[in-house]
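When a residue number appears, it is its place in the shown sequence, counting from 1.
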Amino acid sequence: MSTTGATADPLAALGSLPGVADSVESVRKAVDRVYGHRIMRRRSNTVTGEAALRGSRGSAALSGADWALEEVRRRSDFSGDDEARVMGAALRLTAEAGQLLSIWRQSPLRVLARLHLVAAASNGDEVGRPRREGEPVDEPLIELPLPSAAEVNGRLDGLSELIIAGSSAPALVTAAVVHGELLALRPFTSHNGLVARAAERIVLIGSGLDPKSVCPAEVGHAELGRAAYLAALEGYVSGTPEGMAAWIAHCGKAVELGVRESTAVCEALQRGAA
């Protein structure tokens, strides 16, 4: 996303793209419905815990570890193979995201570095910093052209400035841009998809749209499927108004599907079945 132009608030300008306002309104209504569920008044912590688990599973599925939910519940060791390590990274990121809310608005780059450190769980020199020119990126499921290290640094700085400055843009728009920009840039040598989706979660929670973290967009992204996810991302990368609007709408649909998942959890709890 270009952060230069005539408007001082480019994120807010995206909110005026055709169809975006409808997506924002649809998401708001869906979130309001689940927050109004009677179970949320008595057992919101349980719903939050379930949303975290299911969101982690969804994010890992998009990064190549498509496990059944019960398998995620059952396992305690996530170090055995590549898929297990991806799942473990997704679970750690979801747990860490809630601890970084107060830092995000002041230092988003610090938060992104921390997320990569948590995901990688390694002391390597490449961990927790943007990649340098010539360093390979392990993100096989995203085959878009890889921006140069110089472009990565410039665009990360621009994104950081936008977050710190604040915006009147709806939370969905900001979350979608943060998510899309990180996927487009792949600023780290690994785990970029997991980090991007964790950052989206942080924006949705910290903005006040989903303060209890019960609307796991990762569930929706996984349900919509990898092909639709990558097609929508291509629209974002194109930078066209139509492409940007399609990506924001895709992210909105993912949040709504996350809401549906947590509504089902509420209904199960109400029936005494979970």
Side-chain angles (χ1 to χ4, degrees), residues 45-104 107-131 137-142 156 175 178-179 182-183 185-206 210-222 226 229 254-255 258 261-262 265:
N45 287 343
T46 301
V47 182
T48 295
E50 275 297 308
L53 186 68
R54 294 169 190 232
S56 298
R57 194 214 71 81
S59 189
L62 287 169
S63 286
D66 193 0
W67 290 13
L69 185 62
E70 290 311 312
E71 176 67 8
V72 182
R73 290 190 202 280
R74 184 187 69 80
R75 290 281 286 266
S76 58
D77 180 8
F78 295 94
S79 62
D81 54 33
D82 287 346
E83 285 195 8
R85 285 190 286 273
V86 167
M87 185 62 68
L91 290 165
R92 291 193 301 273
L93 283 173
T94 299
E96 187 73 11
Q99 310 302 313
L100 299 172
L101 295 172
S102 63
I103 306 172
W104 174 255
S107 185
L109 297 185
R110 179 181 165 197
V111 169
L112 294 176
R114 174 63 185 170
L115 290 174
H116 186 241
L117 184 67
V118 168
S122 164
N123 295 321
D125 173 67
E126 76 285 357
V127 174
R129 61 159 174 80
R131 56 184 168 82
V137 174
D138 182 13
E139 204 72 43
L141 301 178
I142 299 177
L156 281 179
V178 168
H179 185 172
L182 293 174
L183 285 180
L185 293 177
R186 280 146 290 161
F188 302 109
T189 58
S190 64
H191 299 91
N192 290 287
L194 294 174
V195 168
R197 292 183 287 276
E200 180 186 49
R201 172 182 285 267
I202 287 171
V203 174
L204 293 172
I205 299 169
D210 181 23
K212 294 182 182 293
S213 190
V214 297
C215 307
E218 306 96 323
V219 168
H221 286 303
R226 192 177 299 152
Y229 186 65
V255 174
E261 185 86 356
S262 286
V265 170

Separation of L156 CG from L112 CG (nearest 0.5 Å): 7.0 Å

Distance col, row L115:CG vs N192:CG, nearest 0.5 angstrom, shows 11.5 Å

I need the minimum non-hydrogen distance between [X] and [Y], along with the two atoms involved.
{"X": "F78", "Y": "G88", "result": "CB-CA, 3.7 Å"}
{"X": "A222", "Y": "L62", "result": "N-CD1, 3.9 Å"}
{"X": "A198", "Y": "A97", "result": "O-CB, 4.5 Å"}
{"X": "L91", "Y": "L53", "result": "CD2-CD1, 4.0 Å"}
{"X": "H191", "Y": "A89", "result": "CD2-CB, 4.0 Å"}
{"X": "P216", "Y": "G55", "result": "CB-CA, 3.9 Å"}

Mind checking side chain to side chain contact (heavy atoms under 4.5 Å, CB included) for [X] and listing every partner two or more places apart, or none if nothing turns up?
{"X": "L141", "answer": "R226"}
{"X": "E83", "answer": "A65, W67, D81"}
{"X": "R110", "answer": "I103, S107"}
{"X": "I205", "answer": "L101, R201, S213"}

Give a yes or no answer on whether the side chain of [X] reaches the backbone of [Y] with a donor-acceptor pair at less than 3.5 Å.
{"X": "D138", "Y": "S190", "answer": "no"}
{"X": "R75", "Y": "V72", "answer": "no"}
{"X": "S262", "Y": "V214", "answer": "yes"}

Is it the case that the side chains of E200 and H221 hold a donor-acceptor pair, with the cut-off being a distance below 3.5 Å and no angle test? yes

Taking atom types as modelled, find out whether S59 and R197 have a side-chain donor-acceptor pair closer than 3.5 angstrom. yes

[X]: what forms a side chain to side chain donor-acceptor pair (under 3.5 Å) with it, not counting sequence neighbours?
{"X": "T94", "answer": "S56"}
{"X": "S79", "answer": "D77"}
{"X": "R114", "answer": "E96"}
{"X": "E50", "answer": "R54, R73"}

Contact list for residues 107-130, test ring-ring contact (aromatic ring centres under 6.0 Å, His included), sequence neighbours left out: H116-F188

Flag the pair R74 and E70 as a salt bridge only when some basic side-chain nitrogen lies within less than 4.0 angstrom of an acidic carboxylate oxygen. no

N/O donor-acceptor pairs under 3.5 Å from side chains in residues 117-128, not counting sequence neighbours:
{"residue": "S122", "atom": "OG", "partner": "G124", "partner atom": "N", "Å": "3.0"}
{"residue": "D125", "atom": "OD2", "partner": "R129", "partner atom": "NH2", "Å": "3.1"}
{"residue": "D125", "atom": "OD2", "partner": "R132", "partner atom": "NH1", "Å": "3.2"}

I'd like to check the salt bridge (Lys or Arg N to Asp or Glu O under 4.0 Å) partners of R57; sequence neighbours left out, ordered by chain and number. D66

